[in-house]
A.B. asks: 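Once you've had a glance at the structure underneath, I'll fire off some questions.
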Amino acid sequence: MQRLNREQMARRVAQDIPEGAYVNLGIGLPTLVANFLPAEREIFLQSENGLLGMGPAPAPGAEDPDLINAGKQPVTLLPGGSFFHHADSFAMMRGGHIDICVLGAFQVSTRGDLANWHTGAPYAIPAVGGAMDLAIGAKRTFVMMELLTKTGESKLVDQCTYPITGMACVSRIYSDIAIFDIGPQGASVVEMAEGLTLDELRALTGVPLIAGAALQPG
Amino acid sequence: MQRLNREQMARRVAQDIPEGAYVNLGIGLPTLVANFLPAEREIFLQSENGLLGMGPAPAPGAEDPDLINAGKQPVTLLPGGSFFHHADSFAMMRGGHIDICVLGAFQVSTRGDLANWHTGAPYAIPAVGGAMDLAIGAKRTFVMMELLTKTGESKLVDQCTYPITGMACVSRIYSDIAIFDIGPQGASVVEMAEGLTLDELRALTGVPLIAGAALQPG
Amino acid sequence: MIDKGVPTPAAAVAGIFHGASVMIGGFGTAGMPDQLIDALIDQGAGDLTIINNNAGNGETGLAALIAAGRVRKIICSFPRQSDSHHFDARYRAGDIELELVPQGNLAARIHAAGSGLGAIFTPTGFGTLLAEGKETREIDGKNYVLEYPIHADFALIKAEAADRWGNLVYRKTARNFGPIMAMAAKCTIAQVARIAPLGGIDPETIVTPGIFVQRIVHIASAAPSAAQAA
Amino acid sequence: MIDKGVPTPAAAVAGIFHGASVMIGGFGTAGMPDQLIDALIDQGAGDLTIINNNAGNGETGLAALIAAGRVRKIICSFPRQSDSHHFDARYRAGDIELELVPQGNLAARIHAAGSGLGAIFTPTGFGTLLAEGKETREIDGKNYVLEYPIHADFALIKAEAADRWGNLVYRKTARNFGPIMAMAAKCTIAQVARIAPLGGIDPETIVTPGIFVQRIVHIASAAPSAAQAA
């Protein structure tokens, strides 16, 4: 089985983002997607701290402490970009104006519940940021994650055991091993790593999986 | 008895508007107040169609169809004025940021209910505009009106018979015959036309009236 | 390359369907997108629900749309004006349904729709005829009425300038309902007096980011200078 | 003549009382009004309820206010950061109460306060720990949580320029919570990098009209160019 590395996962997500899409890339792994958006497509990146039309990182020395993304990293603004306040920014999100939001996850359930904000550990100081707004606001929420934990447990689960971020909000999962669509029937497999069979994937995840259209014999 | 005419009423209201106040002047009689604001006081006029720092009417020929007040008359903007959209404008009002709103009225009750939007006549097409927002939004709502109808009935009443615009929202009434404060105890008389007695005023209005502090023998 | 510009008002209003809900910007005539309304009349869609502050003035714009019999229902704050005779006649004849909304609640409900809220408790209208039958609640000693968002299929608005991404700036009090209607409609169509190059509008001054705008059409004759000369 | 300018940060924070609720602008350090916070630390008010997106970074600003033991409660979305050790220590010791609010609900609740709404139904957080015990409702097939406005006695914000009427413009993403906190506080205090003459800010570009601002103080050292050089 040929797993995708982080860059390959980001490249794969980028492929599916069409020209003209309004997209919010979450902190961490999803931020990598920006590096692989095809230069010939105009795609609008939103950052929930108040900018639309976010450009790449500035050249060293050209950082501006007043021009940062949601991860508090210095960024740039493209011509045609705009600034706005936090209520307007989250109105974009909550009001369904963002086409695609890409988020990391601890767990996703087969009905699309997302857990990515809190491990639930008793000593942890909880912090949510914009995660809950991002999870439920966009027209489509993509999750990017490695399918298995370091100890081999599936992060695609029947029922999240971590506290959830949003209910039934994930529409697609991009992982290192497979891509899943989440719908009313549960999780269906869109693509799999080369050399993997659907039964092997079922064994890895331990959840019911539907064979997606592309996997069906023609 | 020496009744005030419309200009004298407007001048009297203007006297009570302090420097630095944010003020909305309703359509009709209240609009006159702007003509009598002392030039040495900086007072901020808001118009609910999206401007703050409204100036006087433009010179003939200098009208701009995109620069109008809530009564759809051409106006000007003072240096330091600003434009904003309707939600922000009514947030100023409903959020309690306007110090004084001056409105006309069909009737005001002694507990401060205001009726100024609808005669209730069955054939009338109702129209409310911003009246209900203005009535309840400002820190203080002043009413300007002639105290009696053309047929001699008091517009200061025990209970409004016209459909109300807002409940317990009027704090002061400026009329041609007297000025009233409205408080938890009801209507108290602040000033009266020269030559009028409190008992005569009670007879004119037919409602209980308290003698205000300025009317008390020293 | 994304260019939200369309060549004509007719192209701008394409797809507005029979029975659609249509927000129309403007307060009186300031900010009223006359050329888009004219194109909508020519286009022929009827049975429309219109959301506007008023119900048309005189013979043009929204008044003409009403006169043409295309409006089934109107949601507005101030229908009755000295020259609103087309609305008046159809309303008295029972041909048009009227939902009368206090102006600030109209703005707040449109804003709530654009912001994805399910409902809001607003103090305006409490205890009045316009709150009859509505849920109310006392919160921290003050009374509120529960009001629901107003969404629309389309918004027709007028702005001063746009770039090809649909970023908008407005002119003076013609701004009024434009920015919030743009947020609340599935498809927002703006007629603009000027097309700026991308990056030609200072990003600090953009009032409506392009995410809220789907189509723009350049109407040179809508320039305020022309209106002033008229 | 109205001039909302005050000469020093100390004068700007005068009157902030023991037990006050204080909104503090900024997202991380962008838009954080450092000099106003320093002045508040010097001024001595304690038992404060602070509303901010975060809970302080490093050793300055809000972190220093927390380290000085002045904060009783914090309402924020993202307290835990790599350098939030002052908050972490006091929170673990039980010295600070935390109300954790999703960032968009934080913005919407502040905006609701400034707009005079009594409560809002928001979809964010439904079905999560952060909605436990809260009223919920299904509206048009979607689930919402009832959230209440967040008001404050004072707001400390940072802007780029002001005129003597208190009109404000901001700089890039330092805008963040400034405009809505200005609306939601009884007394809004802005530190600005530049004072413009009255009329010197284009009225079309004013982000926060002066009605929402009570005091301004000029902090030359807060200019972004200086910050960049630091």
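We name chains A, B, ... by the order of the sequence lines, and we start the count at 1 in each one.
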A.B. asks: At their closest point, which heavy atom of G116(C) faces which heavy atom of P123(D), and how far apart are they?
C.D. replies: O-CD, 3.3 Å
A.B. asks: For residues 100-118 of chain C, which residue pairs qualify under side-chain hydrogen bond (donor to acceptor under 3.5 Å, both in side chains), counting only residues two or more places apart or in two chains?
C.D. replies: H86(B)-Q103(C), E99(C)-R109(C), N105(C)-T122(C)
A.B. asks: Among the options I120(C), T124(C), V207(C), pick out the one with the most heavy-atom pairs lying under 4.5 Å from chain D.
C.D. replies: I120(C)
A.B. asks: Is it the backbone or the side chain of Y148(C) that comes under 4.5 Å from a heavy atom of chain D, or both, or neither?
C.D. replies: side chain
A.B. asks: Can you list, pair by pair, the side-chain donor-acceptor contacts under 3.5 Å of residues 192-204 of chain D, counting residues two or more places apart and other chains?
C.D. replies:
residue : atom : partner : partner atom : Å
D202(D) : OD1  : E204(D) : N            : 2.9
E204(D) : OE1  : R175(C) : NH2          : 3.4
E204(D) : OE2  : K172(C) : N            : 2.7

A.B. asks: Residues in side chain to side chain donor-acceptor pair (under 3.5 Å) with S21(C), at least two apart?
C.D. replies: D153(C)
A.B. asks: Using only non-hydrogen atoms and a strict under-4.5 angstrom cutoff, which residues of residues 138-146 of chain D touch chain C?
C.D. replies: I139(D), Y144(D), L146(D)
